[in-house]
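Quantities reported herein were computed from a predicted structural model and do not represent experimental measurements.
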Amino acid sequence: MAELTITKLNAESHLLLEQPLLRMPYELSRRNFKNAQRLIEHSSTNMSTSLDGAKKAAAKSSSTTQTLDSLDSMIAKMQGLKRKLEGLHEEETRIHKSAKARLQHLQDLYEVKSLADVKYEEWSRTRLSRLLVDYLLREGYSDSAAHLAQSKGITELVDVDAFVACQKIERSLREGRTGEALDWCKEHGKELKKVGGVLEFELRLQQYVELVRQGHEAGMSSMDSDDMDGVSIGGGGGETKLVEARAHAKKYLSGSGDYALLGRAAGLLAYKPWDEVEPYASLYSPSRWTHLASLFVSTHHGLYSLPPRPLLHIALSAGLSALKTPACHSAFTPSSTNASPSTTTVCPICSTELNELARNVPYALHTTSLVENDPVVLPNGRIYGSERLRLFNEKAGTEKGWIYDPVEGTAGEKWKESEVRKVYIM
């Protein structure tokens, strides 16, 4: 009975990490519906205007040619609307198919009654593949992620296209372009306004900074040309850019209400990029593009309810927290002091691959002790109950006063009983 209780599957606990699995199709479907709605409303307005024009033309003109041309134009517009809606319908069908596959994937978990069931192992392998694909996508390995998803047959359970689109805009920002990111902000304007996002304002501010930079650089080039030719022709090109910058700030930045930031932005008109005067040098700094790229990614993930960290790290952290003890990050752990690979601890927390990831997770909370009675530690760092160690060496026929490690057996190293130390649990 105890074994059945331990191996009983609690499906609810497994679903704690699965919110993004269902949230993404919902958000994509909602965006697709909004796009169709805007398209229909825009086309309906244009169609009403065209119809009114055709009526007036038919009433004023005795010739039917102009009226027929107007009707042909309206039919062409309707056919164009139909093609666009068919594309959106195909996208909606794909999203619904993906959502259905994800719901079925989660439903399969409720049909598994025990952790020892083979079906649970299959479900876990599918989830592991999903987590690996998510990790690869976040690290920028889109092609590898797509191949892995295809080979495992889980293309409908992962969001390769969404991450690829996100990375494309992120790359454009790192390369110093704001156009694609601003188009994305326009498409998601209502959602960003609800969550109070500052991404669009930061992008507009960067456009202003670049206009001011170009103005100062053009002015400096004009001055150098004047010195060479000995003729004063003025900084017309630079002044034009600065005028554009002021108009841009008035249109996009003045309504922000952040007067301190607006003051710093206005100061850029007086301070040039090479003056290296703070806080203006920070606004001119190329690192602003890296900041914008990171801000876009965090905004994108927040809008689609994607966690900022890879799901693989979150799942690992949960498992590591169940194993972590204060000794795992001690400078005197066996894994860090023992150079012999055959005697190194197998604790996942102490491994070089997971030690850093586990550093910030909480310690495990154990209400029942799993430590054997009267524990002792061997010179190789392994801990056993003294009674189990005695029984093993009796069965192995070890000579009196000596002991073997039960893991290595009689083929391993032999120690004197005096080298065994008692362990006290803190």
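E111 and Y120 share no side-chain donor-acceptor pair at under 3.5 Å. Checked by atom type, the side-chain pair R102/S98 shows a donor-acceptor distance below 3.5 Å. Under the 3.5 Å distance criterion, with hydrogens and angles disregarded, no donor-acceptor pair is assigned to the side chains of S305 and Q19.
Counting all heavy atoms, side chain and backbone alike, M24 lies closest to A162 at CE-CB, 4.1 Å. Taking each heavy atom of L173 and T178 in turn, the nearest pair found is CD2-CA, 4.2 Å. For the residue pair P20 and L306, the shortest heavy atom distance occurs at CB-CD2, 4.0 Å. Across every non-hydrogen atom of R138 and P308, the tightest pair is NH1-O, 3.6 Å. Minimum heavy-atom separation, L269 to H216: O-CE1, 3.2 Å.
Applying the 6.0 Å contact sphere to CZ of R174 captures more than 12 heavy atoms from other residues, nucleotides or ligands. Surrounding OH of Y141 are at most 12 heavy atoms belonging to other residues, nucleotides or ligands under 6.0 Å away. Other residues, nucleotides and ligands contribute at most 12 non-hydrogen atoms within 6.0 Å of the OH atom of Y271. Other residues, nucleotides and ligands contribute over 12 non-hydrogen atoms within 6.0 Å of the NE2 atom of H291. No more than 12 heavy atoms of other residues, nucleotides or ligands shown are found within 6.0 angstrom of OH on Y135. Counting non-hydrogen atoms of neighbouring residues, nucleotides and ligands closer than 6.0 angstrom, the CZ atom of R421 reaches no more than 12 such neighbours. Shown here is K414, whose NZ atom has more than 12 heavy atoms of other residues, nucleotides or ligands within 6.0 Å.
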(request) Please step through salt bridge (Lys or Arg N to Asp or Glu O under 4.0 Å) for the pair E27 and R31, ending with a clear verdict. (result) CA-CA 6 Å; E27 293 292 343; R31 188 191 68 177; over 6 Å; no
(request) Determine, stepwise, if the pair W184 / F296 fulfils ring pair (Phe, Tyr, Trp, His ring centres under 6.0 Å). (result) CA-CA 10 Å; W184 185 86; F296 168 76; 5.1 Å; yes
(request) Evaluate the criterion side-chain hydrogen bond (donor to acceptor under 3.5 Å, both in side chains) for residue pair Y304 and D159; output intermediate values, then yes/no. (result) CA-CA 11 Å; Y304 289 107; D159 304 296; over 6 Å; no
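Applying the side chain to side chain donor-acceptor pair (under 3.5 Å) rule to K251 yields no partners; only residues at least two apart in sequence or on another chain are considered. Residues passing the side chain to side chain donor-acceptor pair (under 3.5 Å) test with R204, sequence neighbours excluded: Q207. Taking D117 as the reference, nothing meets the side chain to side chain donor-acceptor pair (under 3.5 Å) condition, with sequence neighbours excluded. Not counting sequence neighbours, the partners of N35 by the side chain to side chain donor-acceptor pair (under 3.5 Å) test are R38.
By the 4.0 Å N-to-carboxylate-O rule, E191 lies close enough to R30 to be salt-bridged with it. No salt bridge links E122 with K119; every basic N to acidic carboxylate O contact stays at or beyond 4.0 Å.
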Report, one line per pair, each donor and acceptor closer than 3.5 Å where one atom sits in a side chain of residues 148-156; sequence neighbours left out.
{"residue": "S151", "atom": "OG", "partner": "H147", "partner atom": "O", "Å": "3.2"}
{"residue": "S151", "atom": "OG", "partner": "L148", "partner atom": "O", "Å": "2.8"}

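The salt bridge (Lys or Arg N to Asp or Glu O under 4.0 Å) with R94 is formed by just one residue from the set E90, E91, E92; it is E91.
Pairs engaging residues 314-323 under the salt bridge (charged side-chain N to carboxylate O under 4.0 Å, His left out) rule: none recorded [sequence neighbours left out].
Classification of the H248-Y208 ring pair by plane angle, with boundaries at 30° and 60°, yields parallel.
In this structure, the side chains of H105 and T126 come closer than 4.5 Å at one or more pairs of heavy atoms.
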